[in-house]
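Reviewing the structure listed below.
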Amino acid sequence: MNMIHKITRLDETTANQIAAGEVIERPAAVVKELVENAVDARATQIKIRFRHGGKSLIEVIDNGFGIAPDELPLAIERHATSKIPDGDLISIRSFGFRGEALPSIGAVSRLEILSKREGFEASAISVEGGRISPARPSQRNKGTTVTVRDLFFATPARLKFLSSDRSEMMAIGDVVKRLAMGMPQIGFELEELRDDGSTRTILSCAQCADDGFEERIKDVLGKNILENTLPLQANHNGIILHGFVGLPTAAKGSAASQYYFVNERPVRDKLFFGAVKGAYSDLLPSGKFPFIILFMSIEPQDIDVNVHPAKSEIRFHASASVRSFVLNAIRHQIAEAGLRSDSALSQSISQGFSSFPSVSYRPSHGAKQASLGAQFPGLAEAAPEYAPQENTEDPKTVEYPLGAARAQYHDNYIIAETRDGMIIVDQHAAHERLVYERLKNEYAQKRLQSQRLLVPEIISLGAIEREKLLSIATTLTEIGLEIEAFGEDAIAVQSVPLPLIKASPSKIVQTVIDALDESPKEALSKKVDEILASIACHGSVRSGRKLRVEEMNALLREMEATPNSGTCNHGRPTFISLDLKFLEARFGR
């Protein structure tokens, strides 16, 4: 412990093995680096093969411009690259540029590079655990084949950190999938080589046109993947953004279905995650993530890709402006889309119809035919006011997107008829969103009304909670909740938001407390919407309340005129639709 060592230079092999720890953390990282090299070589076809999750074999074959024989030894030297000939790190237009991948891979595996450039003979070179063999003549057509065997054999301690073959295979698949999505102009093929000699094709994407992003997305993720998405196109100050944003009702339980690309490069960047979270902030509950595919084109000098050796993170020079642009573009697209129901919900309900048993009813001889109310007692109990009667609704209301109200079911669900089918609306969820949007609008215009209590309500609180509320009393007054200090351990509620006049003031106060974090002053601007959403929930039409036909139709019309009304404040759907053709098919019509 007390020995003093002289400062010495690391030998080349050790230095490369250390560098490999930053660049090559698992087989998928090897695949990423090698495929990016093929992309930079202007390949139009790239084939990737692997065995045992990439641990025993990774092979990347491309038809790019190849490497000349005299440059092949340089390719496996650290910090040797053809991608920044003038040393310009400001305007990087290639995927790779650090000159670390190949020497790092060669330091921890058995590496072979076989390449041919047009006008030159093919040649090959091998590296085994950092030991380089001389280049030698070989045979192949134009392009490059890089073969990596026995990854981490030279650093066996790294092997224990690898996951199972299946997990590593899935990681390789994810890397190739993201690269393929960003570059439709390149054909991709991914194959797994099995021990029995068979081959399994995991991904096969034909070369598309440069603008064939939608076709490529469907090839990679499935033909129906864009069914519950909205196309997005926007530009600002030379930045072009396009892609697809998911409906809030089709959100997932993780962010695994979010894909971001900057100048074709797949990235995992905090700016995008933050912008998307902000765009969906009052459309999704905590723990839910929208499906997102975003492609951004931006001038290379406006970003820094030299942030991390893996190059999966980037830095925007005008990060605040770019974040605002992405956030507002998504919000605008969702608002412009109007009412869209989640097709997956409709399909699941349709499948439920298919599982209903067939029932035939034949009354016994002499028995009276049962009335509709007797056969379906729930209908009469749920909406007795909708007994057979003359329809006084204007037939044109059927032409509205949400149609004309025909019944209320279980005192919570509005059944509406449309031209092409039927709509089922959750009245509480729908009204909650309408109240919330109205409160947000009134708050933004400083028109939010309050109702003064005849007798102030005194609420005892802990010291920390009391100080939190009193520190933001001015803002609470702006949203209709007026409070004052009362004694040393309580507050007095003087006024409440007008929509909550019938709600318990203590519950309103607790709702506000729950919406605040440990730093209420700093977080308040971000928490106002959350507080308003909670207020809207308390002040909305409750489940179990009977509505008249005109009330139901008024709710439908307001939904059509209100942005984001396809989901409630908690991210649940407010309505689902059923297609008339499907219903008729179920009845054999």
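Note that the structure is predicted; figures quoted are calculated from it, not measured. Numbers here are sequence positions counted from 1.
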Under 6.0 Å from the [atom1] atom of [X], do we count more than 12 heavy atoms belonging to anything else shown?
{"X": "Glu488", "atom1": "CD", "result": "no"}
{"X": "Met170", "atom1": "CE", "result": "no"}
{"X": "Arg452", "atom1": "CZ", "result": "yes"}
{"X": "Arg419", "atom1": "CZ", "result": "no"}

Identify the two heavy atoms, one from [X] and one from [Y], that lie closest to each other, and give their separation to 0.1 Å.
{"X": "Ser506", "Y": "Ile459", "value": "CA-CD1, 3.5 Å"}
{"X": "Asp219", "Y": "Leu203", "value": "O-CD1, 4.4 Å"}
{"X": "Leu284", "Y": "Pro290", "value": "CD1-CD, 3.5 Å"}

I'd like to check [X] versus [Y] (side-chain heavy atoms, cut-off strictly below 4.5 Å). Are they in contact?
{"X": "Leu402", "Y": "Thr418", "result": "no"}
{"X": "Tyr260", "Y": "Ile314", "result": "no"}
{"X": "Arg545", "Y": "His431", "result": "no"}
{"X": "Ile415", "Y": "Ile424", "result": "yes"}
{"X": "Leu271", "Y": "Phe316", "result": "yes"}
{"X": "Gln427", "Y": "Gln408", "result": "yes"}
{"X": "Asp426", "Y": "Tyr413", "result": "yes"}
{"X": "Arg433", "Y": "Leu283", "result": "yes"}

Exercise. What residue pairs, at least two apart or across chains, pass ring pair (Phe, Tyr, Trp, His ring centres under 6.0 Å) with a residue in residues 219-242?
Worked result: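 Residue pairs with at least one partner in residues 219-242: Phe213-His242, His236-Phe325, His242-Phe295.
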Would you give the length of the straight line joining atom [atom1] of [X] to atom [atom2] of [Y], rounded to the nearest 0.5 angstrom?
{"X": "Lys277", "Y": "Ile330", "atom1": "NZ", "atom2": "CD1", "value": "14.0 Å"}
{"X": "Leu448", "Y": "Ile479", "atom1": "CG", "atom2": "CD1", "value": "7.5 Å"}
{"X": "Phe486", "Y": "Glu457", "atom1": "CZ", "atom2": "CD", "value": "12.0 Å"}
{"X": "Tyr280", "Y": "Ile334", "atom1": "OH", "atom2": "CD1", "value": "4.0 Å"}
{"X": "Ser495", "Y": "Leu481", "atom1": "OG", "atom2": "CG", "value": "8.5 Å"}
{"X": "Phe244", "Y": "Leu294", "atom1": "CZ", "atom2": "CG", "value": "10.5 Å"}

Exercise. If only atom types and distance count, is the side chain of Arg178 paired as donor or acceptor with the main-chain N or O of Tyr259 below 3.5 Å?
Worked result: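 A pair under 3.5 Å: no.
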Problem set entry | side-chain contact (heavy atoms from CB on, under 4.5 Å) partner of Ile298, chosen from Leu241, Ile240, Ile303 | Ile303
Exercise. What residues, two or more places apart in sequence or in another chain, satisfy side-chain contact (heavy atoms from CB on, under 4.5 Å) together with Leu498?
Worked result: Gln449, Gln451
Problem set entry | Charged tip of Lys440 within 45° of Tyr436 ring normal and under 6.0 Å |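 Checked: cation-pi criterion met.
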Exercise. Does the pair Lys218/Glu215 count as a salt bridge with the N-to-O cut at 4.0 Å?
Worked result: no
